[in-house]
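By convention in this document, chain letters (A, B, ...) are assigned in the order of the sequence lines, proteins followed by strands, and residues within each chain are numbered from 1.
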Amino acid sequence: MSLNKLSISYRCHNSIGNSLDLNEMMLEVVKTFVLETDAVHGSFYSLHDNNSCKNIVSIGKKISLDLFLIRSKLEEKEILVEKYNEKINLLIYKLEKGCMFFAYDLNSNLDFIISIYESFKNKLNISINSCLNVEKLRDNNNELLEQKNQLEKLTNNLKDEIEIATKLNIEKEKQMFEQLKMAQMGELIGNIAHQWRQPLSVISTAASGMKIKKELNMLTDPDFANYSQSILDNSLYLSNTIDEFRDYIKESHREKEIVIQERLKMAINLIESSFTLENIRIIQGFIEEEDIHFRLVLGNLLQVLISILNNSKDALTINDIENKWIKYELIKKENVVLITIEDNAGGIEKKILDKIFNPYFTTKHQSQGTGVGLYSGYDIIVNKLNGNLYVKNTEHGAKFFIELPLNTNYSI
Amino acid sequence: MYGRVNYYTSIDEFKKIKHSATKTHLVFTTEKSFLDINELNKMNIKLIGGVFPTIIYKNETYSDGFMVFELNDSTDILFIENINDYNIEKENFDGVKSIVTILNGFSKYNSSFLERIFEEVDLDTNIIGGGAGIFSDANREVIFNNSGLYKHAAFLILLDKKIDIGVGHGWDVLEGPFISTKVEGKKLKQIDYKNAIDVYKDTVEKYVKKEITKENFLEVSKDFPLGIVKFNGDSLVRDPIAFTSDGSLILAGDIQPNSIINILVGKKDSLVKDACLAGKSASKSGCEILMMFECVSRLDYLGDVFEEQMGKIVDETSAKHIFGVISIGEIANDGNRYIYFLNKSCVMGGICR
């Protein structure tokens, strides 16, 4: 082999595999081949799994190629020599993952050029495969990175959505609690109206009696004292009723020390009239005599007691029970105060026993129940008072247990 | 390139003649001439040109003065202010059969620019030309138009007729082969894994029997260029123009890594013989005028023999007159092979009317 041929062969061999980037590697190979063999054009097309071709490198004169025709010819031959025009021959090399095109003057010695190609074909195929493998790895890596970014984006979006939904839920819950309170207030106003009738009647009767007796000059000093005392007693009763109601409805987070027996009595007073109307007997069970003091936000405990009492009233009414009653007790234990409210409405179905404190769970018709009353009660006792609220079925019906821890500094 | 051509010894002489205001004037001048663009602009003519080491007018060389071609209106010219940042569309070259390219021979963007032009033009378009430049000051702006002088500039004269091209150099192998084992653009860092300058010095000093120093490097190296071995058995000649403290040789043209190279030596006879062969190729269609782009180092080497070379070319070809320049690098491509920026070569072009 002459020196110039040896030189070309050496240069071409040395241009292969100097980079793992396909474009960079093939640019060097094609350019070296073009320069060393005096081609006027050189290009490389990569062949992809989906049978498509992609131009990776093109150097020198622009040559228009019928790739479809060339590929069909390359199925039979690895090397093609085609006349491009009156001046130019096209030399086409088939590779494992693509093909190379070179354009030469018609007088060029293609035999030698083909022999060079034959000698480096295997090395070139291996290098191209290496580049493609690296490319594939890089693509996979990029894909993974893209997926990771998308996942992070989704997580962030999800976080935002959860935050918004949580805010909406809190708002909705607040609204539901307000609605519940308003509904309970309406009912209590009915009770109060009923409670007020008798003392108002007493006041009215005392005032009328005094007036008539005065007109008839029959009003004695003892009569006046009796009538006045009766009016004062009943006015005080009315005033107390108003205070109780105000405590219940007042929007306040101010803590106040209360006596738990008094709050229980207040709750009973507030619902007593409506229970009487429904012929429900209110039975007072064991009540601890010694005053038990607590610091609470006024209204909270009342709300829980009224919710439970109303729940029992509804169960008794719906189930059409004869001799309806509820029984309440207040027992002081070692570390807790236990308030129980039991009814004789037949109890709660076993399958829903563990659901009745869930939010929006109700067995009532949509127009009657919201499913918030007991959930709200549970939230107050468990989360705000650090106590416990649960229900059990007895031989008569359902029995609610409110446990409030003793010797605890409440921060309510 | 059709039109009138004249030689003027100075701008004043050039100004004395009435020139067409509509035609483009192609001005080739020399580093020794005083080029004043403002003064030329007073003539109110269209100007494009370059500064060369020497100009060739009617078979004779002139180291000063102005050679002016008054181009016909039909001749298209593209002036590119920055060959590293330009936009040339393929449409510019529709119907173009030949391109005369003049650029700054010292610009580092020459090869990439020529490759780009080569890619854009048709398969059968010939490209010929040479590099302007001042050998003593490679950083000077040497390409100009009415707006001023530019450093990395070029202009292309687009012709609708074929120019026959001939190329020759005549350099013979002194010693080799070697391998360019470390290369960076135009910087040849290592030959056979040794500092390039050491290998070069070892070879050439034996021949010239004197030590090569910084001071005498150009004087010695012009006679001993490097030849990159090419496919067709020829050599692509590369001029060593300097060496650096890290032992690299600076060439007046690109070289690829792992190229097989020889250190060449000149014989005046063979240089003249090759130039004549180039002239014959360029005048194969019987043209009477030849354009010439001859490397400055060939002129230095040939000395007085250069005039003999011109005479021989005229004697042995159909040409009556030779016009051209002594250039810093040469360009010749007939579309049959890839384009290179040549060194130490004689490029001749023949245009038939």
**Student:** Kindly check if the number of other-residue, nucleotide or ligand heavy atoms within 6.0 Å of NZ (B/K273) is above 12?
**Tutor:**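 No, the 6.0 Å shell around NZ holds no more than 12 heavy atoms from other groups.
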**Student:** Return yes when atom NZ of A/K123 has more than 12 non-hydrogen atoms of other residues, nucleotides or ligands closer than 6.0 Å, and no otherwise.
**Tutor:**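 It does: A/K123 NZ has more than 12 such atoms within range.
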**Student:** Pull out the residues in residues 130-142 of chain A that come under 4.5 Å of chain B, heavy atom to heavy atom, sorted by number.
**Tutor:**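 Within residues 130-142 of chain A, near chain B: nothing under 4.5 Å.
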**Student:** Does any heavy atom of chain A fall under 4.5 Å from the side chain of B/D254, the backbone, both, or neither of them?
**Tutor:**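 Looking at B/D254, nothing touches chain A.
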**Student:** Are there more than 12 heavy atoms of other residues, nucleotides or ligands under 6.0 Å from atom NZ of B/K90?
**Tutor:**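 Counting other residues, nucleotides and ligands, NZ of B/K90 exceeds 12 neighbours.
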**Student:** How close do A/Y10 and B/I260 get, heavy atom to heavy atom, and via which atoms?
**Tutor:**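 Looks like CD2-CD1, 4.5 Å.
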**Student:** Surrounding NZ of B/K267 (heavy atoms of other residues, nucleotides or ligands, distance under 6.0 Å), is the total greater than 12?
**Tutor:**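 No, not enclosed.
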**Student:** Can you say whether A/L106 sits under 4.5 Å from chain B via the side chain, the backbone, both, or neither, judging by heavy atoms?
**Tutor:**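 The answer is neither part of A/L106.
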**Student:** How about NZ on B/K186, more than 12 heavy atoms from neighbouring residues, nucleotides or ligands closer than 6.0 Å, or not?
**Tutor:**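 Yes, enclosed.
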**Student:** Counting heavy atoms not belonging to B/K194, are there more than 12 under 6.0 Å from its NZ?
**Tutor:**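 It does not: B/K194 NZ has 12 such atoms or fewer within range.
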**Student:** Residues two or more places apart in sequence or in another chain: which of them pass side-chain contact (heavy atoms from CB on, under 4.5 Å) with B/D94?
**Tutor:**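 For B/D94 the side-chain contact (heavy atoms from CB on, under 4.5 Å) partners, ignoring immediate neighbours, are B/E91.
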**Student:** For chain B, which residues from residues 11-40 of chain A have at least one heavy atom closer than 4.5 Å to it?
**Tutor:**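 Expected list: A/R11, A/N14, A/K31, A/V34, A/L35, A/E36, A/T37, A/D38, A/A39, A/V40.
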**Student:** Measure B/I179 against the heavy atoms of chain A and call it side chain, backbone, both or neither at under 4.5 Å.
**Tutor:**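 Contact with chain A involves the side chain of B/I179 alone.
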**Student:** Evaluate the side-chain proximity of A/K61 to B/E119: yes if any heavy-atom separation is below 4.5 Å, no if none is.
**Tutor:**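 No - every pair of side-chain heavy atoms lies 4.5 Å or more apart.
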**Student:** Select all residues of residues 120-130 of chain B having any heavy atom within less than 4.5 Å of some heavy atom of chain A, and report them by number, or 'none'.
**Tutor:**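 Within residues 120-130 of chain B, the residues under 4.5 Å from chain A are B/E120, B/V121, B/D122, B/L123, B/D124, B/T125.
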**Student:** Counting only heavy atoms not in B/F178 (residues, nucleotides, ligands), do more than 12 fall under 6.0 Å from its CZ?
**Tutor:**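 More than 12 within 6.0 Å, yes.
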**Student:** Let me know if A/N107 has heavy atoms under 4.5 Å from chain B in its side chain, its backbone, both or neither.
**Tutor:**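 Contact with chain B is absent: no heavy atom of A/N107 under 4.5 Å.
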**Student:** At a 4.5 Å cut-off on heavy atoms, which part of A/Y104 comes close to chain B: side chain, backbone, both, or neither?
**Tutor:**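 Neither part; nothing is under 4.5 Å.
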